[in-house]
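When a ligand or atom number is given, it counts from 1 through the structure's own listing order. All values reported here derive from a predicted model rather than from experimental measurement. Position 1 is the first residue of the sequence, and the numbers go up from there.
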Amino acid sequence: GDGYLAWLQYRRITAGTNVDQYAAYNHLVVTEQDDVVIRSAVNELTQGMEGITGRKVSISGKTETTPSIIIGTFGTGLAIDKSFSTGVSDAVKAEGYALQTDSITGNIAIGAATPAGVLYGVFHLLRIMGTGGSVHNLNILENPVNQLRMINQWDNMDGSVERGYAGKSIFYEDNRVTSNLQRIQDYARLLASSGINAIAINNVNVHRVESRLLTEFLPDVAKLAAIFRAYAIKLFLSVNYASTIEIGGLSSADPLDSDVREWWRTAASEIYAEIPDFGGFLVKADSENRPGPFTYGRDHADGANMLAEALKPHGGIVIWRCFVYNCKQDWRDRTTDRARAAYDHFQPLDGRFMDNVILQVKNGPIDFQVREPVSPLLGAMPKTNQVIEFQIAQEYTGQQRHVCYLIPQWKKIMDFDTQLQGEGTTIQRIVEGDVHGNPYSGFAAVSNIGNDTNWTGHLLAQANLYGYGRLAWNPEMSAEEIAMEWITLTFGTNELLVQTILNILMNSWVIYESYTAPLGVGFMVNPDHHYGPNVDGYEYSMWGTYHFADCYGMGVDRTTATGTGYTSQYARINMELYESLESCPDELLLFFHHVPYNHVLHSGKTVIQHIYDTHFEGAERAAGLLDAWKLVKGQVDEEAYQHVANRLAEQAEHAKEWRDRINTYFLRKSGIADQWGRTIY
Ligand code: BDP
């Protein structure tokens with residue numbers, strides 16, 4: 001229908017071989033009732049089971065009939081404890097769970113060390129049923145691979161969402177916290193069901209009104225925290241670094257000033273008095289005109305530690321973003337390179353941050369482009385907590401008007417071998433905390449939701465939100481497995497439909513890349529809103545995102561031999577890989593090198609011919625997505641069909657615009673004709 005239920009459809013399953021199995025389970029045994037998260041788990045399971053089987057579910061404290069579903073934390077009652085061996089219960093960690101079917105009684109037991117684990121186990125069981133799997137012989141034990149699995153909302157209190165492509169904020173309207181808490185609870189359910197355990201509820205660019213979330217609006221924040229708490233999600237606030245000036249009545253935000261420090265200690269105490277399990281602060285400082293410690297001649301460690309000290313007695317953490325660069329560059333000055341900035345700013349500070357500070361590092365060195373190398377800062381600070389930051393919101397990947405399934409991109413990043421401690425030092429191992437063994441690690445990402453009924457604007461963009469959570473829980477899952485789960489939970493099991501959507505999703509990233517910015521060069525979008533082609537949109541501006549195209553060639557020389565020296569931020573073997581024209585992968589060529597248009601790629605094509613070919617093919621393949629979708633008319637409900645058809649039609653049109661703008665620009669610049677004589681305007 002309208003997409004509101006997303007992947008939590010719990011639709012009646014009538015076909016398939018395992019349906020009869022589910023119907024046998026209409027009794028639920030709960031060994032502890034007085035925990036909010038357990039209550040959410042019970043609600044979810046009864047609602048889900050009743051939806052799927054069409055039968056009422058009864059609940060009690062002990063096994064009365066078999067087969068039953070028994071849920072609880074270990075040590076809370078006979079029914080749950082006798083369901084698991086100590087070997088199993090010992091292997092279940094903080095947020096993990098065991099899920100087993102007893103071969104004699106047929107009982108299904110979900111046991112965990114914490115209520116959160118029980119909730120995740122319940123969602124797992126519902127996922128099995130929702131995708132038509134067998135519940136006989138279950139023997140599952142899962143622990144999340146990543147400890148922090150966080151969402152960042154970029155919501156403003158005026159109701160707008162920075163880089164929001166799905167309507168307005170579900171959190172705020174008219175400079176107040178909304179009174180529509182149901183929608184927020186439904187969001188919490190969606191997040192918890194995919195494994196998310198933390199959320200920052202306001203934009204990293206904090207305006208004066210949002211600063212007051214710390215003070216005046218704290219009771220409202222406490223209400224939101226209670227909603228998320230019931231789904232085992234910790235709430236964080238983005239804070240303005242200069243809150244002491246902005247709302248505190250002080251004249252300074254110097255991190256070494258004792259009044260400033262005292263103000264933050266008091267602010268933290270007041271928050272924890274209202275929200276005892278408050279997560280902490282997310283901070284964007286000294287970046288894109290946001291205030292920060294630089295004003296006082298201090299560095300990022302001084303700034304972060306000041307906040308960390310205030311939060312420490314309460315168990316809170318500071319998440320400090322590394323998206324810091326000079327946004328007032330002179331494009332004529334080729335010695336500054338935005339790609340270098342995060343590493344240059346932060347790497348030298350390794351060892352200086354308190355243990356409750358986490359650095360949040362964007363996946364690439366520039367800004368969530370369709371293709372970028374992996375940030376060299378990730379893993380390069382052995383004594384510092386780090387999390388990776390992704391952008392689920394499709395700012396540079398079609399703004400949820402184009403379909404772009406991002407999990408394949410993130411998988412590629414996870415698989416990147418940094419070589420920082422020899423072969424096999426992958427981003428995945430760094431991010432899960434396996435390499436440096438710091439107290440905190442994990443994933444953060446910018447959300448893609450708003451108050452559009454279907455949450456994400458483009459219905460197919462729901463796959464990115466779902467997939468993000470699933471990947472954060474278990475980065476071993478393949479992009480295809482995640483897509484299959486999401487498709488089946490959302491649309492059911494119709495084979496033509498499932499295959500069609502799978503093909504659309506799995507090809508979408510590469511298709512989007514092919515008709516937009518080529519060979520890793522990035523940007524080429526309209527300034528400000530970042531939608532649509534504009535090759536020189538940022539070329540002569542101060543933001544540091546250049547392609548240096550002229551009549552001879554294009555690309556950014558980031559080599560150490562002749563360029564900005566960015567390549568030297570990688571481990572030697574990767575540095576050499578990128579440094580040399582011979583070994584640099586085609587897909588990133590223009591990120592690392594400035595080359596003539598007739599430079600021959602590994603593919604055998606020249607750069608200019610590659611641009612023409614990919615843009616013609618990309619636009620054609622975008623049109624092909626719509627053609628494929630047309631074949632499922634009648635197999636999916638009409639509202640969803642029309643909605644997706646409309647978006648794909650818009651994408652196909654817009655892809656042509658991209659093709660024509662890019663091809664024309666480079667034909668004019670280079671003067672080199674298309675080898676195949678196709679029309680370029
Ligand atoms: C850029 C966005 C901008 C954000 C910034 C950030 O264009 O709106 O504020 O990132 O991450 O991608 O802070």
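Ligand-side atoms of ligand 1 in range of R163: 2 (C), 3 (C), 7 (O), 8 (O), range being under 4.0 angstrom from any heavy atom. For ligand 1, the atoms lying closer than 4.0 Å to a non-hydrogen atom of K362 are 1 (C), 5 (C), 6 (C), 10 (O), 11 (O), 12 (O). Contact atoms of ligand 1 toward E162: 3 (C), 4 (C), 8 (O), 9 (O) (distance under 4.0 Å to a heavy atom of the residue). Ligand-side atoms of ligand 1 in range of F323: 5 (C), 6 (C), 10 (O), 11 (O), 13 (O), range being under 4.0 angstrom from any heavy atom. The contact set between ligand 1 and D367, taken as ligand atoms under 4.0 Å from a residue heavy atom, comprises 1 (C), 10 (O), 12 (O). Ligand-side atoms of ligand 1 in range of Y396: 7 (O), 12 (O), range being under 4.0 angstrom from any heavy atom. Atoms of ligand 1 found under 4.0 Å from any heavy atom of K284, numbered from 1 in the order shown, are 4 (C), 5 (C), 6 (C), 9 (O), 13 (O). Residue-ligand proximity, E395 to ligand 1, at heavy-atom distances under 4.0 Å covers atoms 1 (C), 2 (C), 7 (O), 12 (O).
By the 6.0 Å and 45° rule, R401 does not stack over the aromatic ring of Y531. Both the sub-6.0 Å distance and the 45° axial angle are not jointly satisfied by R149 relative to the ring of F443. Remark: R470 is not positioned above the aromatic ring of W486, lacking an NZ or CZ atom under 6.0 angstrom from the ring centre and at most 45 degrees off the axis.
Outside the 6.0 Å centre-distance limit, the rings of Y538 and Y546 are not counted as a close aromatic pair. Two rings, from H345 and F294, have their centers less than 6.0 Å apart.
For ligand 1, one of its N or O atoms has an N or O atom of N205 under 3.5 Å away.
A salt bridge links R321 with E389: the distance from a Lys NZ or Arg NE/NH1/NH2 to an Asp or Glu carboxylate oxygen falls below 4.0 Å.
The aromatic rings of H300 and W320 stand perpendicular to each other, their planes meeting at an angle above 60°, with 30° marking the opposite boundary.
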